[in-house]
Amino acid sequence: MTIPDITKAASILQSGGLVAFPTETVYGLGADASNAAAIRKVFQAKERPYDHPLIVHVATVTQLGDWAREVSPQVLQLARAFWPGPLTMILKKQPHVLDIVTGGQDTIGLRIPRHPIAQGLLEAFRGGVAAPSANRFTHISPTTAAAVREELGSRVDLILDGGDCEVGLESTIIDMSGEQPVILRPGMITRAEIEAVLGVPVSSLRMDTPVPRAPGMHHLHYAPTTKTMLIETGHLPGFLQTLQPQDLPIAIVALDESLSAADNIHIEKMPLDATTYAHNLYHILRTLDHQEFKRIVIEAVPETPEWEAIRDRLMKASGSSARLSQPPAT
Ligand code: TXA
Ligand code: MG
């Protein structure tokens with residue numbers, strides 16, 4: 001990545017165009033957050049409904065007050081601990097913030113990403129960059145420039161290639177606009193890490209809450225197009241035995257190290273640590289999705305805090321209704 005690329009990207013943003021750029025979480029599809037016509041293009045490129053608000057990215061904490069009207073000491077504590085980094089805070093918005101950015105809500109999502117290219121772009125542009133993940137609505141977020149190209153092609157004016165994303169899952173979203181902090185979307189910054197900084201308990205929006213404040217909560221968000229199911233740990237060996245020829249070929253995404261591949265049964269052995277698993281997950285799902293599998297079956301991950309964001313995304317990739325406690329009838 002050269003400085004001229006970043007300068008060009010900033011000038012595209014200034015003239016109302018769209019730039020896809022890497023962040024440490026996933027690639028974002030960026031537009032000038034104060035230009036309604038540019039933001040409309042983001043929704044059109046993603047085919048995303050307008051009631052799903054966008055996160056505004058800025059370079060420094062000093063810019064928070066440009067977008068948020070209340071920046072509490074707690075917000076500053078979190079900013080000091082986790083920014084730049086994979087945390088988004090929902091704050092009360094300044095009156096000038098466009099409704100098309102916030103979905104008409106009185107709040108705004110703000111994040112300072114730490115990827116050097118994102119930082120460089122935000123510094124060069126100076127203003128706020130509204131950026132959802134650079135995928136079409138309901139698809140898996142892109143973690144490489146090639147995945148952005150596959151999702152958006154010519155709908156984006158420029159893609160800044162920063163290699164593969166370090167974290168691999170979208171940021172943790174915490175709503176700091178109410179009386180109590182509430183986690184709206186789990187991410188690799190965990191609730192326990194946030195509680196340790198704030199010194200108070202933090203609640204999480206339940207994943208089955210009916211009103212989706214963070215649309216990541218829709219079933220089948222972040223989903224591959226191949227039918228994808230979750231299976232409880234320990235049930236895979238039995239499941240494999242029930243497979244019939246018409247179920248094949250099939251891809252199994254597993255932590256279980258004892259499984260071995262067979263004809264038309266592809267076993268994708270996943271890393272046993274949550275950080276590497278998260279880093280690899282979307283890329284692997286995207287790669288498997290390109291192949292002709294009848295199904296992708298994913299083994300559930302541990303129910304411990306460091307796996308929470310991964311569990312959340314696996315539920316969404318499969319639609320939680322497809323969660324299997326027993327091997328499926330085929
Ligand atoms: O890691 C990330 O957060 C990536 C990178 C590009 O920064 N961005 C991302 O954006 O995941 P997106 O649009 O795909 O997901 C942002 C989520 C949406 O579910 C949206 O509803 C929620 O943030 N959100 C944004 N503003 C909000 C607000 N004011 N209140 C509640 N939720 C909000
Ligand atoms: Mg998204």
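Numbering of ligands and ligand atoms starts at 1, following listing order. Quick caveat: nothing in here was measured; it's all calculated off a predicted structure. This chain uses plain numbering: 1 for the first residue, then up along the sequence.
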If you count the atoms of ligand 1 from 1 in the order shown, which ones are under 4.0 Å from a heavy atom of [X]?
X      : answer
Arg185 : 2 (C), 3 (O), 9 (C), 11 (O), 15 (O), 16 (C), 17 (C)
Glu170 : 1 (O), 11 (O)
Ser171 : 1 (O), 2 (C), 3 (O)
Gly28  : 6 (C)

Is it the side chain (CB and beyond), the backbone, both or neither of [X] that lies under 4.0 Å from ligand 1, heavy atoms counted?
X      : result
Met89  : neither
Ile173 : side chain
Thr107 : both
Arg111 : side chain
His52  : neither

Interatomic distance, [X] atom [atom1] to [Y] atom [atom2] [nearest 0.5 angstrom]:
X      : Y      : atom1 : atom2 : result
Tyr282 : Leu285 : OH    : CG    : 8.5 Å
Asp5   : Asp161 : CG    : CG    : 10.0 Å
Ile6   : Gln119 : CD1   : CD    : 10.0 Å

Non-hydrogen atom of Arg48 closer than 4.0 Å to ligand 1: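 The answer is yes, since Arg48 has a heavy atom less than 4.0 Å from ligand 1.
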
Heavy-atom gap Ile90 to ligand 1 smaller than 4.0 Å: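 It does; at least one heavy atom falls under 4.0 Å.
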
Going by atom type alone, with no hydrogens or angles, which donor-acceptor pairs under 3.5 Å involve a side-chain atom of residues 253-265 and a protein atom two or more places apart or on another chain?
from	atom 1	to	atom 2	distance (Å)
Asp256	OD1	Ser258	N	2.8
Asp256	OD1	Ser258	OG	2.6

From CA spacing to verdict: side-chain hydrogen bond (donor to acceptor under 3.5 Å, both in side chains), Arg286, Thr144: CA-CA 11 Å; Arg286 193 172 278 279; Thr144 62; over 6 Å; no

Heteroatom proximity flag, Tyr27 to ligand 1, N/O under 3.5 Å: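 There is no such contact.
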
Contact check: Thr25 vs ligand 1, nitrogen or oxygen atoms, below 3.5 angstrom: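 Right, the criterion is met.
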
Lys41, NZ atom: more than 12 neighbouring heavy atoms under 6.0 Å: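 Counting other residues, nucleotides and ligands, NZ of Lys41 exceeds 12 neighbours.
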
For Thr143, all residues meeting side chain to side chain donor-acceptor pair (under 3.5 Å), sequence neighbours excluded: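 In terms of side chain to side chain donor-acceptor pair (under 3.5 Å), with neighbours along the sequence ignored, Thr143 is linked to no residue.
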
Options Gly187, Ser133, Ala118, Pro86, ranked by nearest heavy atom to atom 10 (O) of ligand 1, top entry: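 Residue with the shortest heavy-atom distance to the ligand atom: Ser133.
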
Closest to atom 33 (C) of ligand 1 among Gly30, Pro53, Pro142, Gly109 (heavy-atom distance):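 Looking at heavy atoms only, Pro53 sits closest to atom 33 (C) of ligand 1.
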
Passing option when Thr23 is tested against His115, His57, Arg111 for side-chain hydrogen bond (donor to acceptor under 3.5 Å, both in side chains):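 Option passing the side-chain hydrogen bond (donor to acceptor under 3.5 Å, both in side chains) with Thr23: Arg111.
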
Side chain His96, main chain Asp66, donor-acceptor under 3.5 Å: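 Flag set: sc His96 to bb Asp66 pair under 3.5 Å.
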
Note: Arg69-Asp106 ion pair, threshold 4.0 Å (strictly below):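 Salt bridge flag = yes for Asp106 with Arg69.
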
The Mg ion (ligand 2) to nearest N/O/S of Asn135 less than 2.8 Å: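 Within the cut-off used here (under 2.8 Å), Asn135 places no N, O or S atom near the Mg ion (ligand 2).
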
